[in-house]
Amino acid sequence: QVQLVESGGGLVQAGGSLRLSCAASGGKFSQYVMGWFRQAPGKEREFVAAISRGGVNTDYVDSVKGRFTISRDNAKNTVYLQMNSLKPEDTAVYYCAARNRVTLVRGSSEYSYWGQGTQVTVSS
């Protein structure tokens with residue numbers, strides 16, 4: 001069973017950048033597809049990005065394409081989300097999640113392990 005801990009959230013002005021990190025422990029990190037999700041107040045949790053086990057394949061929700069980049073370092077058991085050109089609508093709690101399968105998917109129910117979340121607030 002893998003444990004996930006996010007960090008790197010905070011308050012930033014619109015147009016700014018943040019890099020989120022998610023450190024994994026307790027499992028073989030390279031066996032997991034990793035995803036980032038977010039949940040804004042009063043809204044459902046939504047998919048943001050996912051990355052394959054080896055880091056070659058990625059997937060993004062349209063609203064973040066060209067602004068966010070997901071990456072991973074299997075030697076450090078860490079997945080990252082680089083967020084540039086942030087907008088107020090990116091404000092949410094961001095969660096990382098792990099899936100012990102090969103395929104990249106967007107459904108939150110397909111991910112078995114979750115972190116506790118980190119708050120990202122973008123001011124206008």
Side-chain angles (χ1 to χ4, degrees):
Q1 185 167 348
V2 64
Q3 291 81 46
L4 304 172
V5 179
E6 302 97 335
S7 61
L11 173 64
V12 64
Q13 289 188 333
S17 298
L18 282 174
R19 188 176 83 154
L20 305 183
S21 299
C22 173
S25 62
K28 188 169 177 59
F29 181 69
S30 60
Q31 290 184 341
Y32 293 90
V33 165
M34 299 300 297
W36 284 98
F37 291 76
R38 64 187 179 186
Q39 187 167 19
K43 295 188 177 181
E44 293 186 355
R45 189 170 299 188
E46 70 165 342
F47 169 81
V48 176
I51 189 166
S52 61
R53 297 186 297 183
V56 173
N57 298 311
T58 58
D59 184 29
Y60 298 91
V61 68
D62 285 349
S63 60
V64 308
K65 283 181 180 177
R67 300 189 299 121
F68 291 11
T69 302
I70 188 171
S71 62
R72 67 190 296 163
D73 186 337
N74 285 348
K76 296 182 178 180
N77 292 348
T78 303
V79 62
Y80 305 97
L81 187 67
Q82 177 67 44
M83 305 186 295
N84 299 328
S85 301
L86 282 161
K87 304 175 181 180
E89 52 263 44
D90 294 317
T91 295
V93 177
Y94 283 71
Y95 300 89
C96 71
R99 166 181 163 83
N100 192 9
R101 294 289 188 272
V102 173
T103 54
L104 273 64
V105 295
R106 297 187 173 194
S108 59
S109 63
E110 301 291 339
Y111 290 78
S112 301
Y113 307 103
W114 291 83
Q116 82 290 348
T118 186
Q119 176 70 47
V120 171
T121 303
V122 184
S123 63
S124 57

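All of these numbers come straight from a predicted model, not from anything done at the bench. We use all heavy atoms of the structure for the numbers below, so side chains are in, but hydrogens, waters and symmetry mates are not.
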[X] side, atom [atom1]; [Y] side, atom [atom2] - distance, nearest 0.5 Å:
X: D90; Y: T121; atom1: CG; atom2: OG1; answer: 11.0 Å
X: K87; Y: S63; atom1: NZ; atom2: OG; answer: 8.0 Å
X: M34; Y: N77; atom1: CE; atom2: CG; answer: 9.5 Å
X: R19; Y: M83; atom1: CZ; atom2: CE; answer: 11.5 Å
X: Y32; Y: N74; atom1: OH; atom2: CG; answer: 12.5 Å
X: T58; Y: F68; atom1: OG1; atom2: CZ; answer: 14.0 Å

By side-chain hydrogen bond (donor to acceptor under 3.5 Å, both in side chains), K65 pairs with (sequence neighbours left out) D62
Qualifying residues under side-chain hydrogen bond (donor to acceptor under 3.5 Å, both in side chains), relative to S17, sequence neighbours excluded: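 Checked S17 against side-chain hydrogen bond (donor to acceptor under 3.5 Å, both in side chains); matches are N84.
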Where is the tightest heavy-atom contact between [X] and [Y], given as atom of each residue plus distance?
X: V12; Y: L18; result: CG1-CD1, 4.1 Å
X: Q39; Y: K43; result: NE2-O, 3.1 Å
X: V2; Y: A24; result: CG2-CB, 3.8 Å
X: S124; Y: P88; result: CB-CG, 3.8 Å
X: G115; Y: Y95; result: O-CD2, 3.6 Å

Listed once per pair and sorted, the salt bridge (charged side-chain N to carboxylate O under 4.0 Å, His left out) pairs that draw on residues 99-124, sequence neighbours left out: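 Residue pairs with at least one partner in residues 99-124: D59-R106, R99-E110.
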Side-chain donor or acceptor of Q116 paired with backbone N/O of V5 under 3.5 Å: no
Test item: Q13 side-chain N/O and S123 main-chain N/O as donor-acceptor pair under 3.5 Å: no
Heavy-atom side-chain proximity of R38 to T91 below 4.5 angstrom: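 SC-SC contact between R38 and T91 ruled out.
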Side chains of I70 and R72, heavy atoms from C-beta outward: is any pair under 4.5 Å? no
Yes or no on side chain to side chain contact (heavy atoms under 4.5 Å, CB included) for F29 and V79, after CA distance, side-chain angles and deciding distance? CA-CA 10 Å; F29 181 69; V79 62; 4.2 Å; yes
Among all residues two or more places apart in sequence or in another chain, which pass the ring-ring contact (aromatic ring centres under 6.0 Å, His included) test with F37? F47, Y111, W114
Sequence neighbours left out, cut at 3.5 Å: what donor-acceptor pairs do the side chains of residues 48-56 make with other protein atoms?
| unit_1 | atom_1 | unit_2 | atom_2 | d |
| --- | --- | --- | --- | --- |
| S52 | OG | G55 | N | 3.4 |
| S52 | OG | V56 | N | 3.2 |
| S52 | OG | N57 | N | 3.0 |
| S52 | OG | N57 | O | 3.4 |

Does Y80 belong to the same Ile/Leu/Val/Met/Phe/Trp/Tyr cluster as W36, with side-chain heavy atoms less than 4.5 Å apart forming each link? no
Strictly by disulfide (SG to SG under 2.5 Å), give each pair with a member in residues 41-124 just once, sequence neighbours left out. C22-C96
